[in-house]
There are 2 protein chains.
Amino acid sequence: MKKRKTPLVEAVKRKTLSEEVIDHIIQLLIDGTLKPGDKLPSEVELSEMLSVSRPVLREAMSSLDSLGMIHRKTRGGTYFSKKIGSRPFSIMLALSAGDIVEIVESRMALELGLVTLAAENITAEELDTLSQTIEKMSVKQKGYTKYDREFHRIIALSGSRTIFEGMVDAILTAFDKTLSEIKEKEHETTLKHHRNIYQALKKRSPMEAFTHMYEHMNFVRHRILTAFHKNTGESE
Amino acid sequence: MKKRKTPLVEAVKRKTLSEEVIDHIIQLLIDGTLKPGDKLPSEVELSEMLSVSRPVLREAMSSLDSLGMIHRKTRGGTYFSKKIGSRPFSIMLALSAGDIVEIVESRMALELGLVTLAAENITAEELDTLSQTIEKMSVKQKGYTKYDREFHRIIALSGSRTIFEGMVDAILTAFDKTLSEIKEKEHETTLKHHRNIYQALKKRSPMEAFTHMYEHMNFVRHRILTAFHKNTGESE
DNA sequence: ATAAGTATATTTGTCATACAATAAAACCAA
DNA sequence: TTGGTTTTATTGTATGACAAATATACTTAT
């Protein structure tokens with residue numbers, strides 16, 4: 001019989017220096033010492049303050065940069081970001097590369113939550129822009145993907161908080177990349193759904209907005225998964 | 001009068017080498033060369049393959065590590081992760097440090113979307129664990145936060161896809177940290193809401209699950225924001 | 001005095017090298 | 001085979017030097 005493979009305690013991997021530096025720097029935000037938009041000390045200053053070498057300090061800064069927490073410019077210095085941006089999420093989504101269900105249902109979860117919040121506070125301008133996307137889409141039988149995406153994007157961003165803003169574009173992009181071929185069908189149904197969602201948002205009704213978005217997303221998901229299974233012969 | 005400050009083209013900040021390395025490595029996932037769980041070449045091999053110095057290569061690896069895309073062990077090598085984990089999201093949430101509305105509504109958006117998907121596929125085991133949290137909570141008048149959180153966590157994870165899994169714990173933790181003092185009130189109402197949500201999930205009814213979760217979240221949000229404004233005297 | 005052009009200096013970006021720390025793998029002995 | 005020891009591969013940390021970009025200070029010409 002095999003010996004135990006998993007040790008009793010979870011083998012606490014000691015933190016590296018650069019990880020500790022990351023903690024130390026974000027602590028500046030948490031305790032309010034610095035705020036989004038503020039400038040950080042230079043690399044040499046920081047590395048001296050924290051008693052680490054510059055490479056270690058730079059590994060931490062590179063991490064914070066790729067997380068969208070800071071941005072750096074040669075000679076310009078380093079600043080805390082005000083928004084995260086979409087890049088970190090786009091990278092993360094690579095772990096789900098090619099997994100259609102993952103992408104579709106991630107988008108579903110995201111948009112269902114955000115359309116609800118959007119309905120609570122959507123502005124007149126956003127409503128106006130929304131109706132324009134519907135108009136433009138209605139006069140095109142082909143090549144309307146752009147307006148379709150814009151419709152969803154406006155709603156999602158309207159309901160977004162900082163952490164979700166970057167995620168919206170990342171997921172929409174991943175969606176488009178993964179499903180480039182399947183789209184551009186069911187023009188009328190899509191249009192009808194969009195109009196329903198728009199009316200619910202105009203009424204500032206979260207429940208109705210959710211209901212219609214769920215109907216729409218269910219439709220989109222079903223269409224995609226059906227097309228996918230037809231292509232592959234339902235291997236799983 | 002001042003000269004124009006913003007150039008016509010958006011000053012495309014040239015990518016650093018470590019950013020290009022990041023792109024190159026995640027491309028291995030996107031084109032399917034490697035999969036989550038697979039081992040990557042060693043740092044020296046990679047730095048030779050990509051013709052960059054080891055520090056630059058390490059900055060990229062550090063970034064991917066902090067994004068939860070890889071994990072590294074001395075002598076053990078580097079592997080693509082299967083899950084993202086909560087750490088990157090916890091760091092990102094530091095940008096919203098102290099902003100109660102941000103935290104509360106981020107959690108709202110997240111849970112509203114996920115409870116809907118959870119209702120579609122929740123397992124019997126998850127339902128059972130859920131009902132246990134309700135039971136345990138019902139017999140405690142104080143110190144039930146643990147079971148409250150567990151209830152929400154099970155649901156959110158049940159509806160989660162890879163990208164959201166880490167986010168759940170990150171947001172729940174941020175929520176608890178930000179609102180440590182305000183909680184532990186309205187025991188009966190909370191319990192009632194949880195039971196409603198549970199019943200809807202048991203029925204596998206996404207619409208009802210959403211409805212009851214929205215009611216619950218609205219209740220929680222209102223309670224928190226009211227308590228907050230009372231404390232601060234609505235300065236903004 | 002103002003504007004434009006130039007030089008300077010600061011900050012991030014990259015490289016090469018060396019050694020430390022960890023732990024997997026190979027080896028050896030009972 | 002088992003258990004302990006040695007070796008070795010891999011990541012972790014440090015130092016130093018130079019390159020590239022650009023904000024700032026300075027100089028010059030109009």
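Chain identifiers are assigned alphabetically (A, B, ...) following the order of the sequence lines, protein sequences preceding nucleic acid strands; residue numbering begins at 1 within each chain. Worth saying up front: this structure is predicted, and the values here are computed from it rather than measured.
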Practice task
Quickly work out the A:Glu19 CD to D:dT11 C1' distance and round it to whole Å.
Solution key: 12 Å
Exercise for the section: Please list, chain by chain and in numerical order, all residues satisfying salt bridge (charged side-chain N to carboxylate O under 4.0 Å, His left out) with A:Glu105, sequence neighbours excluded. Expected result: A:Arg221, B:Arg161
Completion exercise
Counting primed atoms, P, OP1 and OP2 as sugar-phosphate and everything else as base, the B/S/- map of nucleotides 9-16 of chain C against protein heavy atoms under 4.0 Å is BBBBBBBB
Exercise for the section: For residues 84-96 of chain B, pull every pair meeting salt bridge (charged side-chain N to carboxylate O under 4.0 Å, His left out), keeping only residues two or more places apart or in separate chains. Expected result: A:Asp23-B:Arg87
Completion exercise
So the salt bridge (charged side-chain N to carboxylate O under 4.0 Å, His left out) pairs with at least one residue in residues 25-38 of chain B (sequence neighbours excluded) are none
Completion exercise
For A:Ser158, the side-chain hydrogen bond (donor to acceptor under 3.5 Å, both in side chains) test, sequence neighbours excluded, returns A:Glu126
Practice task
Applying salt bridge (charged side-chain N to carboxylate O under 4.0 Å, His left out), name anything that partners A:Glu20, two or more places apart in sequence or on another chain.
Solution key: none
